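To keep things clear, I will list the structure first and then write my remarks on it.
FYI, side chains are in, hydrogens and waters are out, and symmetry mates aren't considered; it's all heavy atoms of this structure. Note that the structure is a prediction, hence the values are computed from the model and not measured.
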Amino acid sequence: MKETGAISGVSVAHSRATVDEIEAAGGDGVRATVSDLLARDGVEEAFALQTCNRSEAYVVTDRTVDGSVALESFAPEVRGGAVRRLDHEESLEHLMRVASGLESLVLGEDQIIGQLREAYEESKSAGGIGPVLKDAVTKALHVGERARNETSINEGVVSLGSAAVRLAAGEIDLTDGSAVVVGAGEMGTLAARTLDDTAVSEIVVANRTVPNAAFVAEEVDTPAEAVPLAELSTVVPDADLVIAATGSPDPVIRSTHVAGADRLVCIDIAQPRDVDPALADRDGVTLYDIDALEDVTRKTRESREAEAREVEAIIDEELDRILQAYKRKRADDAISAMYAGADRVKAREVDRAVSKLEAQGKLTDEQRETVEDLADALVGQLLAAPTRSLRDAAGEDDWETIRTALQLFDPEFDTLPDGPGANDSGRDAPSADVDGAPDSVTEELDD
C-alpha cells in the first residue's frame with residue numbers, strides 16, 4: 001500500500017529577500033524547476049511558483065528528509081536569512097496565504113490568483129502534480145476566492161502596476177507627460193490602465209508581439225500607440241516615465257535605449273529585471289525596482305489589516321479541514337495495508353485448513369462457510385485495536401507510528417522464506433505466528 005506523502009516547501013519572497021535574491025532562486029522557469037526536482041531521489045510530486053516578488057518550490061516525498069535534500073538545490077546561492085523552509089502544514093497554510101493575497105507586496109492584490117493557476121498548469125504539464133499537490137493548490141485557490149468574495153481584502157487595492165504609477169507621481173509631474181509601458185502582459189496592462197487615470201497625454205506600449213501591445217493600447221482612452229521592442233531607443237528618450245514589466249529573461253532596457261534622456265523615471269516591476277541596474281548611476285535617469293514599492297504599498301497594507309484578520313479566520317477554518325482529511329488518509333493508508341496483508345494470510349491459511357479437512361472427509365458448504373467466518377472474525381477482532389490506535393495516532397500527528405505500521409504491514413510481509421521453511425518430507429514447517437494458528441483452527445473443527 002502506497003503511503004500518502006508529505007509536502008516540503010521553500011520560499012524566497014519580498015518579505016525576506018531582495019530582488020536579486022528572488023531572481024537567483026527562480027532558476028530557468030517553472031517547468032524546468034519542476035523537472036529538476038522530479039529527478040531527485042524520493043520526489044514524487046513537484047510544484048513551483050515564480051512571480052515578480054516570489055520564487056517558491058514544493059515537493060512531495062514519503063520521507064521529509066528527502067524533501068529537504070531535494071529543495072537544497074532551489075536557492076543554493078541565496079543567503080540563509082532570505083530563505084524560508086516549510087514543513088507539510090506550513091506549506092499548506094502558506095499556499096493559502098499566498099492565494100489570498102496576504103503574502104503579496106500589495107496586500108490583497110488579485111493577480112496572484114491567476115499566477116497561481118498558471119503555475120499549477122505549468123507544473124502539471126511538467127508531470128509534477130499528483131494527488132497531494134492537487135489537493136493543496138486547489139484548496140489554496142478555493143481559499144483565495146473565498147477571501148475575495150467574503151471580505152473586502154481587495155477593495156480599492158492597488159496592483160504593482162498602479163503602485164508604480166503612484167510612485168512616479170510622487171517624483172515627477174505627469175501632467176501632459178509621456179509614458180512608456182514595456183510589456184503587454186497582466187502587469188503591463190494594469191499599469192497602462194492606471195496611467196489612463198492620470199494626466200499623461202500619451203501612452204506608448206512596447207512589446208515583442210506588436211498585436212498584443214495594440215490590444216493593450218486599445219484598452220485605454222488616453223492617446224496610445226503600440227510599438228515593437230526594437231523601437232525602444234526611439235520612444236524612451238522622449239518619455240517622462242517608463243514602467244517595465246515583461247517576462248524576458250534578460251534586460252530589455254539598456255544604456256543605448258536611454259541615450260539623450262534628460263529627466264526619465266524608470267520603474268522596473270519585472271522579475272527577472274527588465275532594466276539594466278547600471279542605469280541607476282546614469283545622469284538624467286532615476287531607477288526604481290520592486291523593493292522601492294514597499295513604501296508606496298504600506299498605507300494600503302495598513303488599511304487592509306482588519307480585512308486580513310477575516311481572511312486569516314477563513315484560512316484557519318480551511319487549513320483544519322484539509323489537515324484532518326490528510327490525517328485520515330495517512331491513517332487509512334496504514335489501515336488498508338494492515339488489512340490487505342491480513343487478508344492474504346487469512347486466504348492462504350483458510351485454503352490450508354479446508355484442504356486438511358477435505359482430506360478427512362468432504363466438507364459441506366456450511367462447514368466451509370464456518371471456517372471462513374471464523375477466519376474473518378479473528379482478523380476483525382485482532383485488527384480492531386490496531387485500527388483504533390492508528391486513527392488516534394493520525395489525530396495526534398504521531399506519524400512515526402503510522403510509518404512503523406506501514407513498514408510492518410508491507411504487502412510482502414507475509415511471504416514465507418524459502419529453504420529453512422520446509423522440512424525433509426516437503427511439508428511446510430510450522431512457524432510461530434502463521435502456521436500455528438490454522439493448525440489450531442483445524443484441530444478445533446476436528447473436535
Side-chain angles (χ1 to χ4, degrees), residues 52-53 101 104-111 154-207 210 212-227 229 231-232 234-246 252-253 257-258 260-271 273-275 279-280 284-304:
C52 54
N53 54 22
S104 295
L105 177 61
V106 180
L107 188 66
E109 56 96 4
D110 291 332
Q111 298 95 301
N154 61 338
E155 185 176 310
V157 75
V158 294
S159 66
L160 279 179
S162 57
V165 174
R166 185 180 299 181
L167 174 62
E171 295 293 321
I172 57 175
D173 183 4
L174 293 176
T175 303
D176 295 326
S178 173
V180 177
V181 176
V182 186
E186 186 173 14
M187 287 294 185
T189 300
L190 290 169
R193 289 174 179 169
T194 305
L195 284 167
D196 195 31
D197 293 329
T198 69
V200 296
S201 60
E202 179 186 20
I203 299 174
V204 178
V205 183
N207 195 56
V210 178
N212 291 350
F215 179 82
V216 176
E218 292 170 359
E219 289 274 296
V220 300
D221 294 327
T222 302
E225 66 172 317
V227 300
L229 292 180
E231 293 187 18
L232 283 176
T234 300
V235 298
V236 168
D238 295 330
D240 299 290
L241 170 65
V242 173
I243 299 177
T246 78
V252 296
I253 300 178
H257 298 113
V258 299
D262 180 33
R263 181 73 173 88
L264 176 64
V265 173
C266 287
I267 303 180
D268 189 352
I269 58 175
Q271 179 61 43
R273 297 188 188 207
D274 273 344
V275 183
L279 295 187
V285 177
T286 303
L287 175 61
Y288 296 100
D289 59 20
I290 292 174
D291 292 339
L293 297 180
E294 183 67 43
D295 290 336
V296 179
T297 61
R298 185 172 294 112
K299 290 184 178 179
T300 298
R301 180 175 295 275
E302 291 171 353
S303 69
R304 298 272 72 82

Which pair of heavy atoms, one from [X] and one from [Y], lies closest together, and at what distance?
X: Ala164; Y: Ile269; value: CB-CG2, 4.2 Å
X: Glu109; Y: Ser104; value: OE2-OG, 2.8 Å
X: Ala168; Y: Leu241; value: CB-CD1, 3.6 Å
X: Leu190; Y: Thr194; value: O-OG1, 2.8 Å
X: Leu195; Y: Val200; value: O-CG2, 3.5 Å
X: Ala270; Y: Thr246; value: CB-O, 3.6 Å

Test side chain to side chain donor-acceptor pair (under 3.5 Å) applied to [X] - qualifying residues, sequence neighbours left out:
X: Asp262; answer: none
X: Glu171; answer: Tyr288
X: Asn53; answer: Thr51
X: Glu219; answer: Arg193

To the closest 0.5 Å, what do you measure between [atom1] ([X]) and [atom2] ([Y])?
X: His257; Y: Leu264; atom1: NE2; atom2: CG; value: 12.5 Å
X: Leu105; Y: Ile290; atom1: CG; atom2: CD1; value: 7.5 Å
X: Leu287; Y: Leu279; atom1: CG; atom2: CG; value: 6.5 Å
X: Met187; Y: Ser162; atom1: CE; atom2: OG; value: 9.5 Å
X: Leu167; Y: Leu160; atom1: CG; atom2: CG; value: 11.5 Å

Among all residues two or more places apart in sequence or in another chain, which pass the side chain to side chain contact (heavy atoms under 4.5 Å, CB included) test with [X]?
X: Asp197; answer: none
X: Val227; answer: Val204, Ala206, Glu225, Glu231
X: Ala169; answer: Leu174
X: Ala214; answer: Ala226

Review point. Applying the side-chain contact (heavy atoms from CB on, under 4.5 Å) test to Cys266, which of Asp274, Val242, Val180, Val236 qualifies?
Key: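 Option passing the side-chain contact (heavy atoms from CB on, under 4.5 Å) with Cys266: Val242.
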Point to revise | Positive for side-chain contact (heavy atoms from CB on, under 4.5 Å) with Val182, one of Val205, Asn207, Leu232 | key: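 So, applying the side-chain contact (heavy atoms from CB on, under 4.5 Å) to Val182 and each of Val205, Asn207, Leu232, only Leu232 qualifies.
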Is [X] reaching over with its side chain to a backbone N or O of [Y], donor-acceptor style, under 3.5 angstrom?
X: Asp240; Y: Ser178; value: yes
X: Asp196; Y: Thr222; value: yes
X: Asn212; Y: Ala184; value: no

Exercise for review: Could you walk me through whether Thr286 and Arg263 pass side chain to side chain contact (heavy atoms under 4.5 Å, CB included), step by step?
Suggested key: CA-CA 8 Å; Thr286 303; Arg263 181 73 173 88; 3.8 Å; yes
